[in-house]
Number of protein chains: 2
Amino acid sequence: MAGSQRREATLTAAAAVFARQGYHGATTERIAQAAGISQPYVVRMFGSKENLFLAVVDGCLEAVLDAFRAALDDGQPGTVASRLGSAYRALATEDGVHLIVMQSYMLGADPVIGPVARDGFTRILHFMVEEAGLSESAAESFLAKGMLINTLLGMRLGDQDDPLAQRFTQTVFGPDPAGPGPTDR
Amino acid sequence: MAGSQRREATLTAAAAVFARQGYHGATTERIAQAAGISQPYVVRMFGSKENLFLAVVDGCLEAVLDAFRAALDDGQPGTVASRLGSAYRALATEDGVHLIVMQSYMLGADPVIGPVARDGFTRILHFMVEEAGLSESAAESFLAKGMLINTLLGMRLGDQDDPLAQRFTQTVFGPDPAGPGPTDR
DNA sequence: GTCTATACCAAGATAGAC
DNA sequence: GTCTATCTTGGTATAGAC
């Protein structure tokens, strides 16, 4: 397999593992298994586990911003916020973009991952108000709902056997004209 | 030092470490240092790192619910949501209750921590609608803002050297009559 | 109740062959 | 481009003394 293609496949596999286990919980061995290659080769390709994680996070950030930009130009009806919400929903994939980003956010105290996480969030923030034209208040609501979605995904609230929890999950992820919707569950 | 007192002190130290590093990132050695005792003794007291984490999470959940219950009866002016928000704000301590809870939420895929995290969130949800009397929609807004706050705390957005990010942080944490406010930063 | 010493294992990284 | 073998470290847990 060609280098760049192998690299892509490994990034995808790594994303899925990092999404579930978090940075520290994930092992390069598990990532290697998911990618169908040997553990040392994973390390070899990216230099270190940390570098690999940063590459994954960067890819997710770009994916989110690309999806948002596309949503601004898609000529669909609805408010900007609702179109961005749909884009966020459509972004749902098995490799769990939302969870990767969230995992990086929870590592703000890490000297190397922390700054990257803050930069990424800041870029999204700037996109919201400068490119999408949302008010800062609207951006706050949008991002709050996004964080709620990410959190429910992370904890897998849908697995909870409780009527209220079930209904709540449905409501949050269900078609909602004013915010991000369902993702990868 | 008496057993129960030592236990409490260790739980507090562990909370601070788990809040910053997450479950997998934290080490019992670091917790021991923070508590001023030896690493094996930390393990001895709680049986395992996992048990210790579960004890910390449980303590945080109780702290949140206690604070919320107290806020319902405090006779302060304002809506229920704003009083709960103030309680959330007042809960701010060095040991980072908000981050502990959030770290547990991101471990939903873990076979033992996952169920505990879901149960905890479900209890808060039930409190909101059954004891506090919030509509499910109001509970969603409240929790969304709470998750945004937790996320900003986790990534330490306040450290970001960017005007918009700074302003956003201030807005989210600042006195807001309709949601949770500043916590431990 | 608390420590020191240590066993034991998992995991990231390196060396070097093919 | 990819593997096997292995080094090394760090981290949880146990044993046992004081």
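Letters A, B, ... are given to chains in the order of the sequence lines, protein chains preceding strands, and every chain is numbered from 1.
The interatomic distance linking A/Phe53 (CZ) with C/dG12 (C1') rounds to 16 Å, in whole Å. With rounding to whole Å, B/Ile31 atom CD1 is found 14 Å from D/dA13 atom C1'. Look at CG on B/Asn51: it is 13 Å from C1' on D/dA13, rounded to the nearest Å. Rounded to whole Å, the distance from CD on B/Gln33 to P on C/dT2 is 18 Å. Across the protein-nucleic acid pair, B/Met45 atom CE and D/dT12 atom P stand 15 Å apart, rounded to whole Å. Note: CZ (B/Phe46) to P (D/dT14) measures 16 Å, nearest angstrom. Look at CD on B/Glu29: it is 13 Å from C1' on C/dT4, rounded to the nearest Å. Rounded to whole angstrom, the span from the NE2 atom of B/His24 across to the C1' atom of C/dA11 amounts to 13 Å.
Annotation: of the two residues near DNA chain C, A/Pro40 and A/Thr27, the 5′-most nearest-nucleotide partner is A/Thr27. Closest-nucleotide positions on DNA chain D for A/Ser4 and B/Arg44 were compared, and the one nearer the 5' end corresponds to A/Ser4. Nearest-nucleotide positions on DNA chain C for A/Gly25 and B/Gln39 put B/Gln39 closer to the 5' end.
Looking at B/Lys49, its side chain does come within 3.5 Å of a backbone N or O of B/Tyr23 through a donor-acceptor pair.
Note on ring orientation: taking the six-membered ring where Trp is involved, the planes of B/Phe142 and B/Tyr88 are perpendicular (angle over 60°, cut-offs 30° and 60°).
Among the nucleotides C/dT4, C/dG12, D/dC3, the one closest to the side chain of B/Ser38 is C/dT4. Checking C/dC3, C/dG12, D/dT2 against every side-chain atom of B/Tyr41, the shortest atom distance belongs to C/dC3.
A/Asp161 CG: 12 or fewer foreign heavy atoms inside a 6.0 Å radius.
For the residue pair B/Asp110 and A/Gln21, no side-chain donor N or O sits within less than 3.5 Å of a side-chain acceptor on the partner.
Taking side-chain N and O atoms only, A/Arg6 has a distance below 4.0 Å to OP1 or OP2 of D/dT2. Within the structure, a side-chain polar atom (N or O) of B/Thr28 is placed less than 4.0 Å from OP1 or OP2 of D/dT12.
Between B/Glu62 and B/Arg123 there is a salt bridge, since a side-chain N of the basic residue sits under 4.0 Å from a carboxylate O of the acidic one.
The residue A/Ala32 sits apart from the nucleic acid: no heavy atom pair falls under 4.0 Å. Here B/Ala35 lies out of heavy-atom contact (under 4.0 Å) with every strand. Within 4.0 Å (heavy atoms only), A/Met1 reaches sugar-phosphate atoms of the nucleic acid but no base atom.
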